[in-house]
Amino acid sequence: MKLPHLIGLLASAFLSMSAHAETAIVLNSVDENISFVDTKTYKETGKAPACKEPHHLMATPDDSSVIVACAISNELVFFDPKTGKEQKRIKNISDPYQLGFSPDNKWFVANSLRLDRVDLYKAADFSLVARVPAAKTPSHMAFDKASQFVFITLQDSNEILAIDLKTQQPLWKLPVGPTPAGIHMTPDDKYLLVGIMGADYVEVIDWRARKTVKKIVTAKAAHNFLARGDGRHVFVSNRTVNGSISLVDMQTLTEVEKYDVPGGPDDMEIRADGKELWATARFGRKVQVIDLEQKKVSRSIPVGRSPHGVSFINHAARQ
Amino acid sequence: MMQLLTDYFVALQGWLFDTLVQPLLFAFGLASYVEMGFDGVEFVLLGSIELAIAYALMRPLEALWPAEQWKQRQAVRVDVLYTLLNRLGLVPLTVFALLAPIFMELESWLRFNNIIPRQLEDWLPGLDYHPLVSFLIYLVILDFAEYWRHRLSHTFGWWWALHGIHHSQRQMSFWTDSRNHLVDDLIAGLWFACLSLFIGVPPGHFIGLLIALRLVENLSHTNTRLTFGGIGDYLLVGPRYHRWHHALELPADPRFRYGCNFAILFPVWDILFDTLYLKEYLPPTGIHEGSAEEVAARDNFWAQQKLGLVLLWKALSSRKKQSPSG
Ligand SMILES: [Zn+2]
Ligand SMILES: [Zn+2]
């Protein structure tokens with residue numbers, strides 16, 4: 001039954017890639033390609049090959065590129081978010097899994113989940129500055145406002161690691177709940193929110209005092225974060241097959257809304273007008289579109305296998 | 001139609017994952033293996049699909065157009081067990097669990113010393129944009145490596161002690177493909193992992209092709225008179241070609257003293273390295289066992305596992321005694 005799948009893949013190579021400003025780019029990590037989805041018609045309009053084991057996708061801070069991190073082929077692939085055309089490949093980026101730029105735009109950080117290591121690059125030219133050992137399984141990252149530190153979740157040792165970007169040295173570790181995944185800095189620069197995937201809550205950490213101050217129960221497998229763009233709320237994906245997305249108020253540190261989102265919601269993107277949230281359904285081969293006024297999934301768009309990462313230009317602010 | 005089938009597949013995968021795999025992973029504090037677990041469920045489902053296709057295509061061939069008629073099928077049972085252990089993931093999972101930590105450690109060390117192993121795509125950058133071409137080139141290289149792994153497993157006494165299990169089947173059927181000593185499976189995994197370190201791994205998303213290749217390997221063991229024709233048999237390894245590899249009596253020529261037709265997919269390697277032997281008729285399969293224990297182990301999984309280890313030990317210790325020069 002999978003042969004037609006291959007034929008489909010070949011056929012899609014000949015489809016014209018009609019990406020434009022209204023296009024969403026979705027990364028299908030197991031299919032090793034990206035899908036272009038028209039955000040007006042909610043239809044997949046084409047596909048393009050990415051690389052071997054692409055795991056995450058992120059827009060550069062200036063939105064001039066969408067970067068795909070290729071864990072197995074040790075490279076970054078840059079796509080033009082307007083045209084969908086590949087811009088460049090940077091080779092010899094060792095095993096990148098999760099990526100991030102520091103707020104001052106000086107640092108580009110790549111986590112190597114598989115090899116227990118965090119690589120610090122100069123953002124200007126992607127030249128390697130330091131490799132920091134980070135056992136076990138460094139997963140997601142967040143920065144403080146001053147770009148002094150990067151905070152990394154260590155998925156298998158249940159800790160948060162802080163790295164000093166000035167000295168490029170690990171600074172401290174803090175134990176948290178089981179299997180921490182996503183991590184997010186509150187807009188007031190005070191708290192780190194950590195998605196506790198092995199349980200059902202978001203752990204709130206006062207990182208200056210280095211202690212847990214609260215646990216916000218959301219749902220099983222709390223995984224990833226996306227700011228709503230109003231400087232106050234953040235979405236949390238609870239990644240199970242019958243999953244959900246929670247909306248957390250970062251001032252009161254409480255859950256204020258929840259939407260049922262089946263298929264293992266993972267990465268998210270929000271429209272500039274704040275009306276729609278898009279989430280990749282990791283276990284459902286779909287992108288789920290959540291109507292934030294109706295507070296429910298309004299569309300399901302079939303994409304490739306294990307969709308991990310979605311991005312479009314007309315997104316809300318990143319905090 | 002395709003979307004509907006995919007939806008069913010994904011729904012089944014999700015259900016299995018949700019009811020069986022994920023609760024277990026969470027219970028044992030292995031939440032970071034959740035993604036791998038989900039892919040693992042797909043691996044098992046695809047293995048089942050491949051097996052169903054193999055059964056649907058090859059069982060009729062064996063029934064209607066057999067190479068040899070058997071009075072009973074008792075001897076086939078152990079091969080069915082091997083096949084299920086393999087295709088449903090137990091053996092691959094174990095091999096992965098044993099090897100992954102070692103290779104991860106090695107790779108990690110290399111990276112810290114600023115060595116990023118090069119991959120095929122680094123030598124031929126154009127391949128980045130043509131994953132299918134890349135896959136096919138990897139396939140040829142890997143098949144070449146498999147030819148040598150297989151040939152050496154016939155050449156070295158200690159290795160043959162293990163690989164002989166694959167050959168001891170006198171009622172060879174499409175199930176026989178997976179009949180391998182578990183240590184032999186482990187060595188095969190090691191072989192592949194070492195190679196990956198030097199050339200990288202092929203693009204992993206051509207599921208249809210991977211299933212097709214698995215089917216070719218099953219077909220080559222099928223008990224059938226089917227051939228690919230006068231030319232076809234020299235292009236792709238088929239039932240007649242591989243039956244000669246399993247022949248009870250080896251061809252007399254000394255260049256075949258360790259065997260013939262070692263190729264797994266493409267006969268070209270046997271042609272190039274002068275190990276090809278093909279006749280019209282279809283020979284009986286098996287090996288001439290050296291002891292009663294070996295004969296007794298023909299149909300029994302645990303006896304085979306034990307026998308392989310005993311023979312391996314004997315081969316290694318007698319080698320030390322016989323050739324002190326090394
Ligand atoms: Zn053999
Ligand atoms: Zn064989």
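A note on names: the letters A, B, ... follow the listed sequences, proteins ahead of strands, and every chain is numbered from 1. All figures in this text were calculated on a predicted structure; none of them were measured in a lab.
In this structure, a donor-acceptor pair under 3.5 Å is absent between the side chains of A:Thr280 and A:Asp267. Donor-acceptor pairing under 3.5 Å is lacking for the side chains of A:Ser306 and B:Asp39.
Between B:Arg214 and B:Glu217, none of the side-chain N atoms (NZ, or NE/NH1/NH2) sits under 4.0 Å from a carboxylate O, so this pair counts as no salt bridge.
Neither the backbone nor the side chain of A:Leu113 comes within less than 4.5 Å of any heavy atom in chain B. Using a 4.5 Å cut-off between heavy atoms, A:Ser73 touches chain B through backbone and side chain atoms alike. When heavy atoms are compared at a cutoff of 4.5 Å, A:Arg89 approaches chain B solely by way of its side chain, counted from C-beta outward. At a 4.5 Å heavy-atom cutoff, A:Glu53 makes no contact with chain B through either its backbone or its side chain. Using a 4.5 Å cut-off between heavy atoms, B:Pro203 touches chain A through backbone and side chain atoms alike.
In terms of non-hydrogen atom pairs under 4.5 Å with chain B, the most contact-rich of A:Glu32, A:Arg239, A:Glu75, A:Met197 is A:Glu32. Among A:Ala50, A:Ser94, A:Ser29, A:Cys51, the residue with the largest count of heavy-atom pairs under 4.5 Å with chain B is A:Ser94. By number of non-hydrogen pairs under 4.5 angstrom with chain B, the leading residue of A:Gly263, A:Ala181, A:Pro133 is A:Pro133. Among the candidates B:Trp15, B:Trp109, B:Phe26, B:Tyr33, the residue making the largest number of heavy-atom pairs closer than 4.5 Å to chain A is B:Phe26.
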Yes or no on ring-ring contact (aromatic ring centres under 6.0 Å, His included) for B:Tyr138 and B:Phe206, after CA distance, side-chain angles and deciding distance? CA-CA 12 Å; B:Tyr138 271 106; B:Phe206 294 105; over 10 Å; no
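The only member of A:Asp116, A:Asp95, A:Asp119 that meets salt bridge (charged side-chain N to carboxylate O under 4.0 Å, His left out) when paired with A:Arg131 is A:Asp119.
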